Amino acid sequence: MSSVKASFKNSRIYPRSATLTTVEGLIAVNGNAGPVTLVKAANAQRTILSIENESTTDDIRYMAGNVAPLLATILADGFLIPAGSSYDVTSPQNIYAISVTANPVNVSTDEGSG
């Protein structure tokens, strides 16, 4: 897996905006034959996005970006969310996901905006 270096603002100098509203949702993420599923569209006001893999058996992978990643890229380099687990994302970009198996997977989301 390739590594990407990132730089984050100092949270003591640039505090994260308070979450003023939340929107919950449920979406079916496609199996590994594709296409890559858009889980949440970009949101410049996003403070946090919780993604929960509802499957009890199948893992998913996700990536953030302005355009959908190639299927092979997300399967090889996307962040893994194991079955039954959740992950919090703070990126304001589009969030894409794919199941690592042929089975589609339900994903719950909770997006906070501020």
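Note that the structure is a prediction, hence the values are computed from the model and not measured.
- Residues Ile51 and Phe79 share a hydrophobic cluster, clusters being chains of Ile/Leu/Val/Met/Phe/Trp/Tyr side chains in contact below 4.5 Å.
- For the side chain to side chain donor-acceptor pair (under 3.5 Å) test, no residue two or more places apart in sequence or in another chain qualifies with Asn106.
- Between the Thr47 side chain and the Gly112 main chain, a donor and an acceptor come within less than 3.5 Å of each other.
- Between Ser85 and Ile81, the shortest heavy-atom contact is O-CG2, 3.4 Å.
- Between atom CD1 of residue Ile60 and atom CG of residue Leu80 there is a gap of 8.5 Å, rounded to the nearest 0.5 Å.
- To the nearest 0.5 Å, atoms OG1 (Thr109) and CD1 (Ile95) are separated by 10.5 Å.
- Annotation: the span from Leu49 atom CG to Glu111 atom CD amounts to 5.5 Å, rounded to 0.5 Å.
- A pairwise comparison of heavy atoms in Gln45 and Asn43 identifies N-OD1, 2.8 Å as the closest pair.
- In this structure a side-chain-to-backbone donor-acceptor pair under 3.5 Å is missing from Asn94 to Ala41.
- For Tyr96 against Gly65, the heavy-atom pair with the smallest separation is CE1-O, 3.7 Å.
- Linking ILVMFWY residues whenever their side-chain heavy atoms come closer than 4.5 Å, directly or via other members, leaves Met63 and Tyr87 in distinct clusters.
- At distances below 3.5 Å, not a single donor-acceptor pair connects side-chain atoms of Arg61 with backbone N or O atoms of Ile74.
- Minimum heavy-atom separation, Ser50 to Asp88: OG-OD1, 2.6 Å.
- If you chain together hydrophobic residues whose side chains sit under 4.5 Å apart, Val105 and Ile98 never meet in one group.
- Across all their heavy atoms, Leu26 and Glu54 have their closest contact at CD1-CG, 4.3 Å.
- Checking side-chain atoms of Arg46 against main-chain N and O of Ser91 turns up a donor-acceptor pair under 3.5 Å.
- Heavy atoms only, all atoms of each residue included: Val29 and Ser99 are closest at CG1-N, 3.6 Å.
- There is a side-chain donor-acceptor pair under 3.5 Å between Asp58 and Thr101.
- Put simply, CG on Asn103 and CG on Asp59 are 11.5 Å apart, with the number rounded to the nearest 0.5 Å.
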Verdict with supporting geometry, Val89 and Tyr62, side chain to side chain contact (heavy atoms under 4.5 Å, CB included): CA-CA 10 Å; Val89 180; Tyr62 88 89; 3.6 Å; yes
Side-chain donor-acceptor pairs of residues 31-39 under 3.5 Å, sequence neighbours excluded:
from	atom 1	to	atom 2	distance (Å)
Asn32	ND2	Val100	O	3.0
Thr37	OG1	Asn30	N	2.9
Thr37	OG1	Asn30	ND2	3.3

